[in-house]
Amino acid sequence: MIHPSAIVSPHARLGANVSVGPFTIIHDNVEIGDHSVIDGYCEIGYPTPLADGLPLVIGAGARIRSHSVFYAGSRFGDKLVTGHRVVVREKTVAGVAFQIGTMNDIQGDCEIGDYVRCQSNVFIGKMSKVGNFVWLLPYVVLTNDPHPPSNVLVGATIGDYAAIAAMSVILPGVKVGERALVAAHSKVHRDVEPHTVVAGNPARYLCDASKIRLKDGSDQSAYPWTRHFHRGYPADVVAGWNTP
Amino acid sequence: MIHPSAIVSPHARLGANVSVGPFTIIHDNVEIGDHSVIDGYCEIGYPTPLADGLPLVIGAGARIRSHSVFYAGSRFGDKLVTGHRVVVREKTVAGVAFQIGTMNDIQGDCEIGDYVRCQSNVFIGKMSKVGNFVWLLPYVVLTNDPHPPSNVLVGATIGDYAAIAAMSVILPGVKVGERALVAAHSKVHRDVEPHTVVAGNPARYLCDASKIRLKDGSDQSAYPWTRHFHRGYPADVVAGWNTP
Amino acid sequence: MIHPSAIVSPHARLGANVSVGPFTIIHDNVEIGDHSVIDGYCEIGYPTPLADGLPLVIGAGARIRSHSVFYAGSRFGDKLVTGHRVVVREKTVAGVAFQIGTMNDIQGDCEIGDYVRCQSNVFIGKMSKVGNFVWLLPYVVLTNDPHPPSNVLVGATIGDYAAIAAMSVILPGVKVGERALVAAHSKVHRDVEPHTVVAGNPARYLCDASKIRLKDGSDQSAYPWTRHFHRGYPADVVAGWNTP
């Protein structure tokens with residue numbers, strides 16, 4: 001279960017049936033839930049004074065893929081899943097079933113809801129707030145400094161069920177409303193109303209999200225996406241969705 | 001040839017004169033061609049049920065740089081070259097002399113031609129089709145979901161000899177014609193005609209590619225690039241180019 | 001100090017009190033200054049014929065985080081700090097206190113001044129010139145090929161104290177003047193005057209940098225940033241700033 005080449009601190013608290021891959025390092029101040037699987041080349045509980053002595057807590061049933069780095073001081077609900085070589089820094093708190101894509105870079109002091117799914121190469125800057133059931137697609141960047149460099153850090157806020165498409169940047173302090181869609185390659189400098197679509201550089205209102213048709217031959221609306229897309233969500237969670 | 005710290009499955013089929021670096025893991029269902037060199041910290045043949053039991057097949061003369069991950073179920077022609085920390089997932093098929101840049105993330109179910117060159121941080125989404133002699137520059141993203149999240153995946157198609165410049169996003173289902181040029185930081189939402197240049201967000205027709213002059217003091221046209229750029233291509237391949 | 005799993009060449013020249021983490025490889029042609037700390041999974045002094053036999057020289061007091069790769073032939077002043085999994089290639093020369101963010105990819109033949117700070121996922125193409133006290137924010141890309149692919153490589157030049165915000169691309173040969181600000185998600189195809197702000201795709205002049213107000217409740221100007229932001233710079237360096 002623990003590969004002989006892994007370096008696991010005797011102070012780390014590993015649950016039942018936790019698997020640790022080759023060449024992985026687990027530091028002292030770490031708590032990992034039952035039945036979690038950690039691949040090779042990971043560094044879990046990377047020490048930093050910014051963690052203020054807080055442990056890294058990973059819930060049960062986690063799956064952490066190779067070459068990933070988690071700092072001390074963050075906390076994740078059950079069923080965390082990651083791609084390869086993610087970094088998550090200190091004092092970030094995430095809910096259940098967080099999916100972190102390959103090469104995501106999640107800074108410290110973020111609040112992340114339940115069932116958030118990030119695809120590859122997402123960057124979540126310090127102080128960001130991400131709601132529940134949010135989708136961040138490849139190369140999305142949430143920024144936080146309105147006039148770099150400065151000591152004024154204001155994170156972005158992403159509402160429940162919102163989706164932000166590839167290579168979009170959300171500027172500091174911007175609120176993306178719930179169930180909104182940000183089209184690919186947008187620069188979002190103003191708040192986005194709930195249920196709307198914005199696009200462009202700078203991003204402008206395009207239409208109500210419900211106007212977008214599913215490109216599957218049906219005449220259905222593509223939004224709210226909770227009507228047609230359930231893959232990977234537990235049945236009881238889907239049953240609880242209050243899809244408008 | 002095999003570093004003593006490497007973990008190589010006895011079931012992996014390694015050709016003659018294959019070199020495996022320190023701390024690298026080679027899984028069971030892997031076939032690597034003669035004279036290949038694999039650096040340290042790589043994980044080759046990462047198991048996934050999505051591979052349907054297919055092996056990872058890497059042709060002869062491959063050079064795979066450090067911290068890279070290849071899933072089971074993909075297949076590469078001879079002379080594969082990678083930068084550091086690439087990921088390639090299952091059921092992608094690529095031709096000869098594929099060059100994968102540092103931190104590329106190549107999803108599953110892609111078709112990639114011969115002599116394709118990707119620079120750093122390229123993302124190729126599932127179901128993409130990339131022709132022969134294509135160039136993808138840093139931070140190019142090929143997307144596939146027209147209204148995320150959904151189950152409708154339509155990959156982009158990139159024609160032979162096309163070049164896509166840095167930080168451009170190709171939207172789902174878009175076809176970039178052969179020998180076309182997409183300027184840097186473009187969002188391409190419509191098909192691009194062969195031999196043309198598009199630029200902007202959204203990308204618009206700029207000119208015929210032949211109008212672009214080489215910035216080398218000559219009065220030559222920069223396109224088709226096959227007229228002036230041959231670096232790294234074998235002489236018989238260049239001789240076979242049907243440059244218009 | 002040297003972890004027993006590390007592989008350190010007997011020819012590498014390590015200063016006093018250098019720490020080398022688990023599973024790290026240090027090659028032959030490497031010189032590392034006193035009191036430097038190198039994390040795990042790094043490959044330091046990666047050999048390449050392009051280094052022309054030059055060593056990798058890292059000054060005193062360096063801190064190199066996990067999974068990083070430094071090629072032979074580059075040279076860094078004292079107090080280098082990196083995030084995780086950076087790559088720096090051959091023949092790049094950087095001044096003191098260079099901060100390289102997580103997943104930066106710094107190509108060869110670059111000139112980098114003193115106290116440059118790069119955040120995550122910055123890409124610095126071959127032949128770039130970066131001044132002193134420059135800030136490059138997440139996903140900034142400095143390009144070099146005006147008509148890819150070609151053999152004409154002209155790097156960008158970034159002036160002292162300039163700041164380039166997230167996801168901006170600087171096109172080949174462009175000069176960003178000193179103390180200029182490039183707004184997020186810009187495509188910069190023309191030179192940027194000193195002390196000005198540009199934004200957009202393509203980037204256009206927006207205002208004089210001094211017109212931007214600090215969003216901290218004060219009525220101060222945010223630029224020159226050297227007036228209000230000193231974090232991490234030594235007092236004698238700040239005292240030497242000739243802030244206009």
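Throughout, a chain's letter reflects where its sequence line sits, starting with A, and its residues are numbered from 1.
- Looking at C/P146, the atoms closer than 4.5 Å to chain B (heavy atoms on both sides) all sit in the side chain, from C-beta outward.
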Polar pairs (donor with acceptor) under 3.5 Å from chain B to chain C:
{"unit_1": "B/D39", "atom_1": "OD2", "unit_2": "C/Y46", "atom_2": "OH", "d": "2.6"}
{"unit_1": "B/Y41", "atom_1": "OH", "unit_2": "C/F23", "atom_2": "O", "d": "2.4"}
{"unit_1": "B/Y41", "atom_1": "OH", "unit_2": "C/I25", "atom_2": "N", "d": "3.4"}
{"unit_1": "B/Y41", "atom_1": "OH", "unit_2": "C/C42", "atom_2": "O", "d": "3.1"}
{"unit_1": "B/R63", "atom_1": "NH2", "unit_2": "C/Y46", "atom_2": "OH", "d": "2.6"}
{"unit_1": "B/R65", "atom_1": "NE", "unit_2": "C/Y46", "atom_2": "OH", "d": "3.2"}
{"unit_1": "B/H67", "atom_1": "NE2", "unit_2": "C/Y41", "atom_2": "O", "d": "2.8"}
{"unit_1": "B/H84", "atom_1": "NE2", "unit_2": "C/Y71", "atom_2": "OH", "d": "2.7"}
{"unit_1": "B/R85", "atom_1": "NH1", "unit_2": "C/R85", "atom_2": "O", "d": "2.6"}
{"unit_1": "B/R85", "atom_1": "NH2", "unit_2": "C/H67", "atom_2": "O", "d": "2.5"}
{"unit_1": "B/S120", "atom_1": "OG", "unit_2": "C/D105", "atom_2": "OD2", "d": "2.4"}
{"unit_1": "B/N121", "atom_1": "ND2", "unit_2": "C/N121", "atom_2": "OD1", "d": "3.2"}
{"unit_1": "B/Y139", "atom_1": "OH", "unit_2": "C/N121", "atom_2": "O", "d": "2.5"}
{"unit_1": "B/Y139", "atom_1": "OH", "unit_2": "C/N121", "atom_2": "OD1", "d": "3.3"}
{"unit_1": "B/H185", "atom_1": "O", "unit_2": "C/N201", "atom_2": "ND2", "d": "2.7"}
{"unit_1": "B/H185", "atom_1": "NE2", "unit_2": "C/M167", "atom_2": "O", "d": "2.9"}
{"unit_1": "B/K215", "atom_1": "N", "unit_2": "C/H147", "atom_2": "NE2", "d": "2.8"}
{"unit_1": "B/Y223", "atom_1": "OH", "unit_2": "C/H147", "atom_2": "O", "d": "3.4"}
{"unit_1": "B/Y223", "atom_1": "OH", "unit_2": "C/P148", "atom_2": "O", "d": "2.7"}
{"unit_1": "B/R231", "atom_1": "NH1", "unit_2": "C/N151", "atom_2": "OD1", "d": "2.6"}

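- Of the atoms belonging to B/L214, heavy atoms from both backbone and side chain fall under 4.5 Å from chain C.
- Across B/P138, B/A163, B/A166, the residue that shares the most heavy-atom pairs under 4.5 angstrom with chain C is B/P138.
- If you measure heavy-atom distances from C/I7 to chain B, the contacts under 4.5 Å come from the side chain alone.
- If you measure heavy-atom distances from C/V169 to chain B, the contacts under 4.5 Å come from both the backbone and the side chain.
- Only the side chain of B/A222 comes within contact range of chain C, with at least one heavy atom under 4.5 Å from a heavy atom of that chain.
- Residues meeting the side chain to side chain contact (heavy atoms under 4.5 Å, CB included) test with C/A72, sequence neighbours left out: C/A51.
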